[in-house]
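Remember, predicted model here, so these are calculated numbers, not experimental data. Note on naming: letters A, B, ... go to the chains in the order of the sequence lines (proteins, then strands), and numbering restarts at 1 for each one.
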Amino acid sequence: MASERGEPGCIAITGPTACGKTDLALILAREFPIEIISMDSAMVYRGMDIGTAKPDAATRAEVRHHLIDILDPEESYSAGRFAAEARRLVGEIRSRGKLALIVGGTMLYLKAMREGIAELPERDSAIRAEIDARAEALGWPALHAELEALDPEAARRIEPGDRQRIQRALEVHAITGRPLTELQREGTARATVFDSLALIPANREALAQRIERRFDHMVRQGLVEEVRALRARTALSADSSSMRAVGYRQVWAFLDGRWGWAEAAERAVIATRQLAKRQLTWLRSDSRSDRLDAEDPGVLELLRRRVGRALDNS
RNA sequence: GGCUAGGUGGCAGAGUGGUGAUGCAGCGGCCUGCAAAGCCGUGUACACCGGUUCGAUUCCGGUCCUAGCCU
């Protein structure tokens with residue numbers, strides 16, 4: 001229906017981890033003039049290949065991929081950057097006469113791109129460190145109370161224990177001198193309209209098993225070595241946002257000696273399952289995505305039709 | 001067979017004569033620059049059968065299990 005909305009050149013395929021979206025996207029990309037835009041908050045990092053199930057070099061030589069390997073793991077990405085960069089890429093790909101296929105499971109990025117995101121300052125490490133120090137001394141509920149005074153509306157919707165959001169709201173206020181809520185109200189332009197197809201595994205139990213098998217596979221591929229190499233980077237720590245990723249965090253803890261291997265592996269699988277659950281929760285309430293049964297053998301054919309139609313319209 | 005210590009929700013693990021301990025997992029949900037993150041919510045558990053009691057998971061007796069020791 002993209003054409004009917006006058007928007008174009010772009011389709012998203014999303015779904016929880018390990019639902020098969022990458023494989024399907026590659027099949028499509030080999031059959032149609034497509035470039036893939038990765039919508040994945042972990043594949044952006046260089047050196048994080050095995051644990052993110054990143055498409056390998058041969059595949060990427062064959063099918064053009066974007067927003068993979070664009071940052072060092074010490075850096076941080078953001079939904080705002082994704083929205084801006086993906087939008088720009090869609091235009092570029094279109095100008096080459098190709099279809100941009102957005103593939104990934106980072107739902108906030110999908111939302112930021114589709115609905116637009118307010119123009120806010122980027123994170124500021126110095127200010128965050130300062131806020132963390134105060135939280136250490138006073139506790140997050142105390143900072144929540146401070147936020148109450150600066151931005152009552154934000155305080156109302158943010159839980160007193162939600163350090164991440166309290167921190168961001170205080171950070172934005174510290175940088176701009178204005179309440180986050182106000183800034184968010186002002187600028188949520190630049191939405192991009194496009195179809196998105198959500199692959200939903202009908203069987204949770206089967207998904208859980210696939211997750212477990214996939215983790216075992218990653219370990220055989222050398223996940224532990226990959227994390228060991230990352231740990232050698234002095235600028236990287238367990239607190240880095242890249243190292244909070246599922247799998248990496250747990251293997252890091254194992255290498256620290258905090259957990260035995262059995263425990264680390266089990267926790268990695270659990271964390272991945274929980275991630276999938278959160279993704280499914282997001283998709284359940286997302287009325288703007290078409291929900292497809294990931295296990296239905298007919299999905300590929302369905303995707304082919306959607307892609308073909310989108311190409312005809314652009 | 002005897003003695004001793006135990007049997008608490010899927011798991012771990014406190015506790016009390018009468019207000020849902022807690023943690024983990026699971027399940028549901030939230031989501032505006034860390035999102036593979038962060039957070040919120042969610043359980044008529046007290047082995048079984050009697051007894052005492054206004055009231056027993058908690059006290060008493062028995063039964064059945066489990067572990068250790070003894071013969």
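- Classification of the A:F215-A:W261 ring pair by plane angle, with boundaries at 30° and 60°, yields parallel.
- Between A:R157 and A:D162 there is no salt bridge, since no side-chain nitrogen of the basic residue lies less than 4.0 Å from a carboxylate oxygen of the acidic one.
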Under 3.5 Å between N/O atoms: give me all the protein pairs with nucleotides 20-25 of chain B, atom names plus distance.
from, atom 1, to, atom 2, distance (Å)
B:rA25, OP1, A:Q274, NE2, 3.2

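- A salt bridge links A:R134 to A:E146: one of the charged nitrogens lies within less than 4.0 Å of a carboxylate oxygen.
- Between B:rU16 and B:rU57, the two P atoms lie 16 Å apart (nearest whole Å).
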Contact pattern, 5' to 3', of nucleotides 31-38 of chain B - B, S or - by protein heavy atom under 4.0 Å: BBBBBBBB
Passes salt bridge (charged side-chain N to carboxylate O under 4.0 Å, His left out), A:E182 versus A:R185? Steps please. CA-CA 5 Å; A:E182 209 176 291; A:R185 240 197 307 268; over 6 Å; no
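- Using atom C1' as the reference point in both B:rC65 and B:rC49, the two lie 15 Å apart (nearest Å).
- A:E75 and A:Y45 share no side-chain donor-acceptor pair at under 3.5 Å.
- Base orientation of B:rG33: syn, the glycosidic angle falling within 90° of 0.
- B:rA47 sits 45 Å from B:rC31 when the C1' atoms are compared, rounded to a whole Å.
- Using a cutoff of 4.0 Å between basic side-chain nitrogens and carboxylate oxygens, A:D256 and A:R231 are scored as salt-bridged.
- Going from the C1' atom of B:rC34 to that of B:rG9 covers 36 Å, rounded to whole Å.
- A salt bridge does not link A:E35 with A:R94: every distance from a Lys NZ or Arg NE/NH1/NH2 to an Asp or Glu carboxylate oxygen is 4.0 Å or more.
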For RNA chain B, what string of dots and brackets results from 5' to 3' when Watson-Crick and G-U pairs need both distances under 3.5 Å, crossing pairs get [ ], and pairs with another strand get |? (((((((..(((.....[...))).(((((.......)))))....(((((..]....)))))))))))).
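- A distance of about 34 Å separates the C1' atoms of B:rA45 and B:rA37, rounded to the whole Å.
- Spacing between B:rC40 and B:rU22 at atom P, rounded to whole Å, works out to 14 Å.
- Separation of the P atoms belonging to B:rA12 and B:rG50 is 29 Å when rounded to the nearest angstrom.
- Looking at A:N203 and A:E295, their side chains never bring a donor and an acceptor atom within 3.5 Å of each other.
- The aromatic rings of A:Y109 and A:Y77 sit perpendicular to each other, their planes meeting at more than 60°, with 30° as the lower class boundary.
- Rounded to whole Å, the C1' atom of B:rU42 lies 24 Å from the corresponding atom of B:rA35.
- Side chains of A:S196 and A:R114: a donor-acceptor N/O pair is present below 3.5 angstrom, by distance only.
- Ion pairing between A:K54 and A:D40 fails under the 4.0 Å rule for side-chain N and carboxylate O.
- A:K277 contributes a side-chain N or O that forms a donor-acceptor pair with the base of B:rG28 under 3.5 Å.
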